[in-house]
Trainee: 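Following this message is one structure expressed as structure tokens.
Atoms within a ligand are numbered from 1 in the order they appear, just like the ligands themselves. Just so you know, residue 1 is the first one in the sequence shown, and it goes up from there.
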Amino acid sequence: MALYWIYPSIFILYAFRPCQGLRNYPDNEVTLLDSVSALGDLGWEAYPAEGWEEISVMDERNTPMRTYQVCNVMEASQNNWLRTGLIPRHGAQRIYVEIKFTLRDCNSLPGVPGTCKETFNVYYHESNSDTPPPLRHLRESQYIKIDTIAADESFTQTDVGDRVMKLNTEVRDIGGLTKRGVYLAFQDLGACIALVSVRVFYKRCPLAVLNLARFADTVTGGDSALVEVRGTCLEDAEELEPTRMFCSADGGWLVPIGRCVCRPGFEEVDGRCQPCRSGFYKASAMDAYCVKCPPHSYSHQDKASECVCERGFYRAETDPRSMACTRPPSAPGTPISTSNETAVTLEWSPPRDSGGRGDVTYSVHCRKCSSESGVERCTPCGGSAHFSPRQFGLPLPRVLVTELLTRTTYSFSVEALNGVSHLSPSPRTLTTVNVTTSQAVSVVLKERRSKDSITLAWHGPDSSEGNVLEYEVTYYEKNQQDQNYTVLKTKANVMTVDGLKPGTTYVFRVRARTEGGHGNYGGEIELETSHEDMLAVGDPNQFTILLASVAGGIVLLVLLVACFVVSGRHCGYIKAKQDPEEEKMQFQHGRVSLPGSRTYIHPHTYEDPNQAVRDFAQEIDVSNIRIERVIGAGEFGEVCSGRLRLPSKREIHVAIKSLKAGYTEQQRRDFLSEASIMGQFEHPNIIRLEGVVTRCKPVMIITEYMENGSLDTFLKKHDGQFTVLQLLGMLRGISAGMQYLSEMNYVHRDLAARNILVNSNLVSKVSDFGLSRVLEDDPDAAYTTRGGKIPIRWTAPEAIAYRKFTSASDIWSYGIVMWEVISYGERPYWEMSNQDVIKAIDEGYRLPAPMDCPVVMHQLMLDCWEKNRSDRPKFGQIMATLDRLIRSPSCLKPLANSSWEEPPSPEAGVSTVEDWLESIKMSQYKEQFSGAGYVTLDSVLYVSASDLGKLGVSLAGHQKKILTSIQSLQDQQHQQQQTHVQV
Ligand code: ACK
């Protein structure tokens, strides 16, 4: 063991174990091995014997601490191995290895040969067995290299003297594990190293409780995918909607969906369900809180889901639990009766106590009484009396009883009832009144009419009333000022009255004379003579039919008029309803020829869609176009790039969309509709239409060429390469274009980064105006329950739910585009399903701020995602905000997730050209580099842009990426040299 080592050991003692026993790790990390807190011998195997050495040192609390050290720098050809025992992975698919070590700077060791190293290698081997073959039989090929570890901070003799220690911490991860555990192996090839601590851990999403659901401690997925976890409702809670959350790869919970609620008798307090106290209750899981028992009820025990009624009070089955308990009403007031020969009207006052309810009704019981030998006997009337409106369940305190016998005494008892009367065992209280009817001729049953006569028939009084001697028929002409009566007499109970005026109404009454004298008149009846004899209808049914048909005619007429009025109003209504925010496609016909008229005209308003194309798009002669190459595939055919030279104009670069052969007329119309829409716009942030070719095949749409293609692909390709201000510039462009469109009353409906094109100056322009695009073209569109196809992740909830597409729904989509831009083309809501997205949005979830997103930008996104569309900003306001931010970039400094660590630069730790190119995702150039002799990392440090050109890296973006990375490699090397110089 080299003599140099003693010093670091001392430093380990004092410098690196300040918190022995207090090591706290984030609660989403589960430690599988921690060499520092191991109590006994670590039992790691070292080979050869003179290589790694376990050295126990004491920390400041005199606690022994184990380190492994090696420092055979004086001898060449070192190959010293140190291997841990089997570290069980406990189900984790990805584990992390955190190594803390110190490393001596070779230059600081006087006289060491050039073989001295400043790195060591870390390997792993997956295994199910905890008895590995001895290390001396180790074959390197059985182990997989995790990395070569270099020190960020090596230390020198001076550091040792100054007692300044430089501890390095490196973390590496190993994914895709399947066996019981892993062995870690450290290979030293001649460096002076002390392994101060080795910690192996995996990440998990720690047990979480949210929305009254418990989400179990979950091991993160092996790759970057989210792990979906079902929640279970807490005790005394029940599921309102299945609960789910996603455990992200870095141990955080994302996107809570669903909810549990406290079951009846329990309420939520501090995130748990607590029982309702006595005197309180909660009837439904959907109620938020326990509430006091309603009047006349109580709960003596906890957890009451309803309160019990006090004695004498009841709750009807249909009464809500929140309603006071009630009781039957008191008796109604004594009825006042009015009677004639066969009818009685009864009226009474309502009960003084309604029992606390509003559903009091009345029932009337009828008995017919007669006295025999001075004793009155009453029997139920049965069906012989008729009650109007009814006998039982009368809503008002009155009833008309008809079809009674004349000169008969009846006993009527009225009772008041309510919704709980049937629950009360107490006898009901009735109010009774006796009424005696008088004698009269009852109702006229029949009538027959002619121009000048009317025939009447009637029922005579009951024979018990005595023999009828004659009937007296009285009538008069209804509309005569002085109502002169005419009295006619007959013994029969039918009479024809002649000598009447045609078409005139008469009023008739009939009474009987018995031995006892004249009885009372029955009711009056009005009858009208007919105008013509032929209209003299004998049968009252026919009359009814006639009346019915006349009435029907009137009803029909009324209905027709009503329909007419309603339909008129309906049209008016549609118009009136046309919300200024509503879909703004104006269905007017004609050119936009009025200067200053800035309203978009929908091509469907044209009877002949070709006319719309002629109106808005210039026809280009195909000889002016030169197609160069295919750049993509559109819905209707290929998209190519090419050149357009119009007479007396300079040649320009254009994109050419063509309509594939074999199209239908409808497809041709849909294809060209994009040109007739685009041709109406003229704005620097809207893709410009150059013209169309319709007179020969294939039909083409020619637009300006956008060198950088669609924004989503462009951003993914340039991940992390722009400043926030550059991203803001792109967003400003999109919002300027959208403001223009919204002022033109055009609603885009499919605003998404994939539908924004970017030119070589990073100007972004809104594109994709085809009429059928939302239905067919967009790969992100999904069918909704209403059958329409909608790009769910980009679309406002009201547009998904009821197709309410407005400029405000475009604002929602704009917020999603902001998120896409700041996250460099990340897929909104990642791999969540469309259904989950809809649900999560409905429950108030919103996309979190992307990495490095300024707080203000995320706030602006959240404003665009306000549920209520009128609360969302307008494009003009968004423009103003972006302009303000661009003017004062300091506002962009606070980041929404500043706790996120700076990601390590991709090239950190790479040691070969291949690894380096891979780390910056440029491995397609591996062969070009090795072919040109760039085999070591040092050799690429001075590669220039022109060298790259010669190597065949011609894309400006790729050159930029490689050169930026070379710059970081140079910085890293510079830092390492600085450390050496300090030594
Ligand atoms: O992402 P990209 O490169 O950009 O691939 C698609 C492809 O055509 C199919 O739509 C590209 N594209 C469409 N219009 C234009 C244009 N005006 N300029 C350049 N590329 C375009 C789009």
Trainee: Counting from 1, what ligand 1 atoms have a heavy atom of Thr713 closer than 4.0 Å?
Mentor: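 Going through ligand 1 atom by atom, the ones under 4.0 Å from Thr713 are 1 (O).
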Trainee: Checking Arg754 against Trp794: charged group under 6.0 Å from the ring centre and within 45 degrees of the axis?
Mentor: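 Yes, a cation-pi geometry.
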Trainee: Can you find an N or O of Ala633 that's nearer than 3.5 Å to an N or O of ligand 1?
Mentor: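 No.
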Trainee: Does Glu704 reach ligand 1, in the sense of a heavy atom lying below 4.0 Å from it?
Mentor: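 Distance cut 4.0 Å: Glu704 passes for ligand 1.
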Trainee: Has Trp819 got a side-chain atom pairing as donor or acceptor with Pro848's backbone, closer than 3.5 angstrom?
Mentor: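 Yes.
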Trainee: Which of the atoms in ligand 1, numbered in the order shown and given with their element, are less than 4.0 Å from a heavy-atom of Thr703?
Mentor: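 Those of ligand 1 that fall under 4.0 Å from Thr703 are 17 (N).
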Trainee: Using modelled atom types and a 3.5 Å cut-off, is there a donor and acceptor pairing between side-chain atoms of His858 and backbone atoms of Leu847?
Mentor: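 The answer is yes, because a donor-acceptor pair under 3.5 Å joins these two groups.
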Trainee: For Ile631, counting its heavy atoms only, list the atoms of ligand 1 lying under 4.0 Å from any of them.
Mentor: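 Atoms satisfying the 4.0 Å criterion: 19 (C), 20 (N), 21 (C).
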Trainee: Could you check whether Glu798 pairs with Lys867 (Lys NZ or Arg NE/NH1/NH2 to Asp/Glu carboxylate O, under 4.0 Å)?
Mentor: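 The answer is no: the pair does not qualify as a salt bridge.
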Trainee: Nearest to atom 22 (C) of ligand 1, what protein heavy atom do you find, and at what distance?
Mentor: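 Residue, atom and distance for the closest contact: Leu757 CD2, 4.1 Å.
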Trainee: Heavy atoms only, cut-off 4.0 Å: how does Ser767 contact ligand 1, side chain, backbone, both, or neither?
Mentor: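 None of Ser767 does.
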Trainee: Could you check which of Val639, Ile702, Asp712, Ile756 puts a non-hydrogen atom nearest to atom 13 (C) of ligand 1?
Mentor: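 Result: the heavy atom closest to atom 13 (C) of ligand 1 is in Val639.
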Trainee: Taking 4.0 angstrom as the limit and counting only heavy atoms of Gly709, give me the atoms of ligand 1 inside it, by number and element.
Mentor: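 Reading through ligand 1 atom by atom, the close ones are 3 (O), 4 (O).
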Trainee: Do Glu651 and Arg626 meet the salt-bridge criterion of a basic N to acidic O distance under 4.0 Å?
Mentor: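 Looking at Arg626 and Glu651, the cut-off is met.
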Trainee: Is the backbone of Lys874 close enough, under 3.5 Å, to the side chain of Gln877 for a donor and an acceptor to pair up by distance?
Mentor: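 Yes.
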Trainee: Are any of the side-chain nitrogens in Glu682 or Arg688 under 4.0 Å away from the carboxylate oxygens of its partner?
Mentor: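 Here Glu682 does not pair with Arg688 in a salt bridge, since their nearest N and O are not under 4.0 Å apart.
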Trainee: Counting both backbone and side chain atoms, is some N or O of Lys657 under 3.5 Å from an N or O of ligand 1?
Mentor: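 So ligand 1 has no N or O lying under 3.5 Å from an N or O of Lys657.
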Trainee: With under 30° as parallel and over 60° as perpendicular, where do the rings of Phe875 and Tyr814 fit, or are they tilted in between?
Mentor: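 Plane angle over 60°, so perpendicular.
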Trainee: Under the 4.0 Å line, does any protein heavy atom show up next to atom 6 (C) of ligand 1?
Mentor: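 Within 4.0 Å of atom 6 (C) of ligand 1, no protein heavy atoms are found.
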Trainee: Is the charged tip of Arg749 near the ring of Phe805: under 6.0 Å from the six-membered ring centre and within 45° of its axis?
Mentor: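 Relative to the ring axis of Phe805, which defines the angle, Arg749 lies inside both limits.
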Trainee: Considering only heavy atoms of Tyr705, which atoms of ligand 1 have at least one such atom less than 4.0 Å away?
Mentor: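 Answer for ligand 1: 18 (N), 19 (C).
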Trainee: Distance under 4.0 Å to a non-hydrogen atom of Ala655: what atoms of ligand 1 satisfy this?
Mentor: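 Near Ala655, meaning under 4.0 Å from one of its heavy atoms, ligand 1 has 15 (C), 16 (C), 17 (N), 18 (N).
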Trainee: Salt bridge or not between Arg94 and Asp173? Use side-chain N to carboxylate O under 4.0 Å.
Mentor: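 Yes, charged N to carboxylate O under 4.0 Å.
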Trainee: For atom 19 (C) of ligand 1, what's the nearest protein heavy atom and its distance?
Mentor: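 Looking only at protein heavy atoms, the one closest to atom 19 (C) of ligand 1 is Met706 O, 3.0 Å.
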Trainee: Is there a nitrogen or oxygen of Ser710 sitting under 3.5 Å from a nitrogen or oxygen of ligand 1?
Mentor: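 Yes; at least one N/O pair falls below 3.5 Å.
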